[in-house]
Each structure stands twice: as C-alpha cells, then as structure tokens.
**Q** 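Sharing a structure with you now.
No hydrogens, no waters, no symmetry mates; every other heavy atom, side chains included, goes into these values. By convention in this document, chain letters (A, B, ...) are assigned in the order of the sequence lines, proteins followed by strands, and residues within each chain are numbered from 1. None of the values given here were measured: they were computed from a predicted structure.
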There are 2 protein chains.
Amino acid sequence: MRPTVHDIAAKAGVSLATVDRVLNNRPGVRNVTRDKVERAIVTLGYVRDVAAANLAKGRNYPLVFILPAGDNSFMRGLESEVRAAMARSASERTQITILPVPAFDAQALVQALSEARQRRPAGVAVVAVDAPEVAEAVMRLRDDGIAVVTLVSDLPGSGRDHFAGVDNLAAGRTAGTLMGRFTGGRAGPIAVLAGSMLVRDHRDRLEGFTTVMAEEFPACPLLPVIEGQDDPALVEKLVRALVERERDLAGIYSLGAGNRGLVAALEKTGKSKTICTIAHELTPHSRAALRSGTIDAVLNQDAGHEVRSAIRVLKAKADGLAVIEAQERIRIDIFLKDNLPIEQA
Amino acid sequence: MRPTVHDIAAKAGVSLATVDRVLNNRPGVRNVTRDKVERAIVTLGYVRDVAAANLAKGRNYPLVFILPAGDNSFMRGLESEVRAAMARSASERTQITILPVPAFDAQALVQALSEARQRRPAGVAVVAVDAPEVAEAVMRLRDDGIAVVTLVSDLPGSGRDHFAGVDNLAAGRTAGTLMGRFTGGRAGPIAVLAGSMLVRDHRDRLEGFTTVMAEEFPACPLLPVIEGQDDPALVEKLVRALVERERDLAGIYSLGAGNRGLVAALEKTGKSKTICTIAHELTPHSRAALRSGTIDAVLNQDAGHEVRSAIRVLKAKADGLAVIEAQERIRIDIFLKDNLPIEQA
DNA sequence: GAATTTCTGATGTACGTAAATCAAAAATGT
DNA sequence: ACATTTTTGATTTACGTACATCAGAAATTC
C-alpha cells in the first residue's frame, strides 16, 4: 500500500496536524520537526493523493478561451474541441467559457482579454494576433495572477506562460522540403498563399518555407506572397488569377486557411494535377482534395491535442506547478492521401 | 455546484442507500423506485465523481506489460515509457509489471502470457508475434476476464480488446508515396529491408508499400525483401552487399529496426546521398542520419502515446467501460530533417 | 522563575462516494 | 389477518487529504 499522511505522522513521531503543516507549508513548525517530517516523507516515498486532495479542497478552475469567430473550418474545429472539453468539465474540475472575437482584429482581442480579466478566471487561452497592445493586455492578465496560454498562434514578448501550438518555423521548413522534393527536377515558380501577416503563425511558416526554398531549391523562385484573409471567396479569385498569369507554375504553398477557395480554383482551371499543392490543416475540404489528388500534402496541427494541452498547462500554472515542456509539445502531422485518419462523426 | 448523491436522494424523495443501490445496480429496488431515481439523475444532470468513487473503492489496476528483450532502440524506448508510467502509478492507481521475452519467439511469448495470467492482473499489454498459439494464449487470458491490448504489433483473430499501435498498412503506403515522389523521375530498383515476417506490423508495412509502388510508380521495381532480424550487424552486412550488387539502386525502405547498421553501411559505401532512404522509428541513430541527410524520411510511432493509450484502454476495459476508438488512434509521425522535435534528456 | 511567545497535539468536520448493517415499512402470498 | 418476502430508510464507517480550533507543551524572553 502506498503511504498516507498517517504513516508519515507515525514514522516521524509527530501528529497529523504537524504533517499537514509541513505538507502545505503552513507556519508554526520548528525546523528540527520539519526536517523529521520531511525525512519521513522521503524515506516512505510519500506522494500526495491528488484526487483526494482536490476532493478535500473542492478546487476548480474557471478558464476562458478566446477564439476567432467566422467560418474558418480549423477554428470551428478548435471550438468544437473546446466544447468537448467543456463536456468533461465535471471530471476535470474546470469551468470553461468561450469568448468569440472577430479574426485578425487586435482591438477586439484587447477588449475580449479585458472582459476575460473581469471574470477573474484561473487561466485564459487565446489565439493571439501579434500586436503590441495585445501583448500589453496579456501582461495585465498576468499581473492579476491569471495564467495565460497562447493557442495556435503565439505572442512572444507578452510574458505568456506557455504556447500551445506547433513550431510554425519548422512547419514552413517541412513544407519547403516537401515542395522541393515533390516537384522534383521540374523548374518553375512557386506561389505562397497566406491568410494575413498580422498573425505570428503565418509569418513563421512563411519564413521557414522561404528559407528552405532559397537554400535548397534555388531552381524554384518564389512569387510575391498573396494574402487571402483566410476567406474562401477571395482566395478562389486570387488563385484563379494566379494560375492564369503564371502558366508554368510548379507549386502552391497555402499556409493559411481558406482551402475551399484554393481547391475550387485549382479544380476549375484543370491544373490541379500539374501544380504541386501543399496546404495546412485537415478539414473536410482539404481531406477530400487530398484524396482526389488536388492537394499533395497537408500539414496539420491536432486541435484536440492543443486544447487538452492548454487546459493541462493552465491548471498547472494556476497551481504554480511546473510543466514538462517536452510532454506538451504539439507535433506537426503530415498527411498524404495514404495516411488519412478515419473520418469521425 | 454539480449535483451529488444527496441531491438525487432529495430530488427523488428516497434515501441515500437507495440512490447507491441504483447507481451501482445492486439488487433490492423496485422498478418504480429505480425509475424515480433515474429520472432525478437525468434531470439534475448528475455525473459520478470518479475521483471520489475511486477513493472510496480503493480501486487499483495491476497490469502486465510483455515486451521484447534485446537492444532494439525502439523497444528500449517503449520500455522506458512503460517505466515512466510506473512512476506515475501512484496517481493513476496502477501497478505495472514488465515481463521481458526474446524477440520474434512465439513459444517464449506463450509462456510469458501464461505467467502473466497467473498473476491475475486486471489487464495485459503485449507486443505480439503473429502465431496461432499466441492467439490461443491471449484467448485464455480473456476467458479469465483479463483485458488484453496488443501493443505496436497486432494479433487479429485473438479476440484482443484493442490494438494500441499505428495503422501499418497506411504507414507502408505512406512510405511508398514518399519514396515514389522523392525519387522523382529517376528510375531504378527499390530495396525493402524488413526485420522479420513473423510480426504483423512488418508484414502490413510491406503490403502497403508494395501496393502503392506497383500501382503508382511502376518505373521503380522492387527487389526481393531482405530480412535483417532487426539486428544492426546483420543489417549492415546485408546492405553493403546490396549496394555493391545493385549499382543503380534508387531507394531503400527499411520497415523494421536495426537502423544503425543501415546507416553505417550507407555512409561507408558513400552512396548515402544518391539513394533515397526511408526508415521507421525515431531513435538517436535515425535522428542523426536524418539530420546528416543519410536518411530522407522517418516514419515514427510515438511510444509514449502508445503506452499511455494502452493503459487507458486496459483500465477502461477492466471496468467494462467503452473506449472512444477515435481518441485512442495512434498517429503516424513523418519526420524530415526540418521538423525533428527537440532532443530530450 | 514568571510571562510570553512559539510550537505541537488532539480532535473534529468536510469533500463525494462506496459499502455494510439493521430496523422498519411495504408488498406479496396463503 | 397473518406470515413471509421484498423493498426502503437511517445510520455508520471508510477512503486520503485539507483545514480549523483549542488546549497544552516547549522554547524563548526578560
């Protein structure tokens, strides 16, 4: 049987109350006594039963998730993962509130952060827009002792406790290598399609991609970046124009959302098989396009992992506990038509 | 506040004891009363506090992990993940025993399974060798009410409760597509290096790979499969002979272990840059080879995920609970030199 | 050595559930 | 109407920890 507080008390020859004082470092214990107890804890290998402790404390964690609104499939998937986490609230002792904000809007985000602050939660997870005023708003939260985790898109310099998302520089590099190798010897320009340069994740992906392409595949020049605002209709228009303008286009790297428009444009122009296309995020649209061959590879971040990780980290930070960073790292999934996961309901 | 058993009792107008009888379906409750209680449970939205219930029950889960011995890096990594889980035993209420067995040895595995059976654990996780006598031994465990999960390599037809591992057919197909596209237009034979055809995972990978190569890249004929027994020394010898024999070799798909030997042979013959090499499992050796360019891509299964998933499933099955299969699916990681995770201690 | 301050022990309640016991009530059979 | 069986209630103990209170012991100060 694993040792309990009673065993420690017996071993150290003190009362339960004293053990409790040591364990929860309450005042009123002489150093000699404290040492005795601590030795007993070590020799018995005592570990606090967290479940029992939480039960006794009645601890719970009010959390706020700030997510971009709009019909971006990835973000809606993220939201549904948060809702799934809300369904688990009872057993995880969390109380989650979702705050929607317009996408790519720093001002609205600042407001949402301030609203979140007024709710006095234990922690806040936020899909960040990279702007100084947002960073300041995050700092204010932290000053109030509220843990903050950036989700999907990071916000360096804001003092956030943790970033729950993929290494987007690495993702961009990976896309670069895949693009270079998939297009093979075939020379020709490569187009890059982004959502907005206001968010950190898109900027990082672009940087990684351009670095690798320049260093390793100089035969494929990059065209100027196209910004599609993650809007399918706009993306479709831009891509159609692109394909007609650049007759020998070798590849397209779509590093943001709006894949519906990309796929529609490629299929309508009939060039989908000759242009190597690499996109981000596995959604019903990108999945279908992968299967049909319109898209050659999809880089994905698992929204479920990100949400669960964010919650774990927020809870730990709220309790002042350390986080095993390696364990919370979010992997970049690479999907080809061959390794698509089974569709779920 | 979330409702408790007391609230149900009050709402239903019955005593705590009756609520307990209903919740844990003990006998001695009339149907009308049972209905009243169940309605109260639904209308209040009661969910059992699992932590408190486990505390009260003093439930714990003795588990046995049967793992191949030998210096296979992947298997040693798997074992260290199991040991990490043992360190968490206290908080997870598990008691884990590791049983080592010689690799690829059906007889030894049968014996280990019977030893595991005598320990009367709640569940057993086993890296299976695909043989009828092993399947029978697994069935005997299940007859005793012991949950069985196959780990890494599956055992269809054994009635195991669950398989904690990747879809190896998909992995093989993925390797095929990568191989075909990475070698590009370049024609030339492709070699396949396996560990042993006695394990299901290797057979599945081979099948997926050959299917894709035959259907989509007929310009690259496959050479007869080489079996290296996951033994670095033997693998090195075989690969050196191979490279000298096949002067225009375009690629090597190593679907088993023993990557050390593969890398050594490729580097010594100086053909590492011209032969497209795809291997399995991220180990210190394959990681270094990826970085140096000797290996072009590594398909990986996250041993930590597999072990944690196996434990979750075993606990659930032991309690007769359902498992959300989609949630327990193990992904195939694809690593290029660009998206290697940070090395951990 | 007395007064004070600082520690320590003893004890009880609580968290939400499980499980057992025994008495009382209700339903059933004859 | 009685005995019998089945169902229900009331109450208690337990799990391992947190937290509070109060009395008493030990150490410190003067």
**Q** Are side-chain N/O atoms of A/N300 and B/R331 paired as donor and acceptor at under 3.5 Å?
**A** no
**Q** Can you measure A/H6 atom NE2 to C/dA10 atom C1' for me and round it to whole angstrom units?
**A**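 Result: 12 Å.
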**Q** Under a 3.5 Å cutoff, is there a donor and acceptor pairing between the side chains of B/Q301 and B/D333?
**A**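 No donor-acceptor contact under 3.5 Å links the two side chains.
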**Q** Just checking B/G28: base, sugar-phosphate only, or nothing, at a heavy-atom cut-off of under 4.0 Å?
**A**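 Base: the residue B/G28, judged by heavy atoms under 4.0 Å, touches a nucleobase.
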**Q** How long is the line joining CG of B/D49 and P of C/dG16, in whole Å?
**A**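 Whole-Å distance recorded here is 8 Å.
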**Q** Whether A/R160 and A/D154 form a salt bridge (side-chain N of Lys/Arg under 4.0 Å from carboxylate O of Asp/Glu) is what I want to check.
**A** yes
**Q** For A/R59 and D/dC19, what is the distance between atoms CZ and C1' respectively, to the nearest whole Å?
**A** 16 Å
**Q** Calculate the interatomic distance between B/N60 atom CG and D/dC15 atom C1'; express it in whole Å.
**A** 13 Å
**Q** Are A/R83 and A/E79 ion-paired here, with the side-chain N under 4.0 Å from a carboxylate O?
**A**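 A salt bridge links A/R83 with A/E79.
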**Q** Which is true for B/V50 with a 4.0 Å heavy-atom rule: it touches a base, it touches only sugar-phosphate, or it touches nothing?
**A**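 Answer is nothing: B/V50 stays at 4.0 Å or more from every strand.
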**Q** Rounded to the nearest angstrom, tell me the gap between atom CZ in B/R93 and atom C1' in C/dT17.
**A**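 For the pair B/R93 CZ and C/dT17 C1', the rounded distance is 12 Å.
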**Q** Would you tell me if any nitrogen or oxygen in the side chain of B/T4 comes within less than 4.0 Å of OP1 or OP2 on C/dG16?
**A**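 So the side-chain polar atoms of B/T4 never come under 4.0 Å of the phosphate oxygens OP1 or OP2 of C/dG16.
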**Q** Out of the candidates A/V124, A/L67, A/V126, only one should pair with A/L151 under the side-chain contact (heavy atoms from CB on, under 4.5 Å) rule; please name it.
**A** A/L67
**Q** Using atom CG of A/D7 as one end and atom C1' of D/dT17 as the other, report the distance to the nearest whole Å.
**A** 13 Å
**Q** Between protein and nucleotides 18-23 of chain C, map the contacts as a letter string: B base, S sugar-phosphate only, - none, heavy atoms under 4.0 Å, written 5' to 3'.
**A** SB-B--
**Q** Check this for me: does any side-chain nitrogen of one of B/D49 and A/R93 sit under 4.0 Å from a carboxylate oxygen of the other?
**A** yes
**Q** Output the rounded distance in Å from CG (A/L16) to P (D/dA18).
**A**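 So the two atoms are 11 Å apart, to the nearest Å.
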**Q** Check this one for me: any side-chain N or O of A/T18 less than 4.0 Å away from OP1 or OP2 of C/dG9?
**A** yes
**Q** Starting at the 5' end of DNA chain D, which residue's closest nucleotide do you reach first, B/L55 or B/R34?
**A**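 So the residue in question is B/R34.
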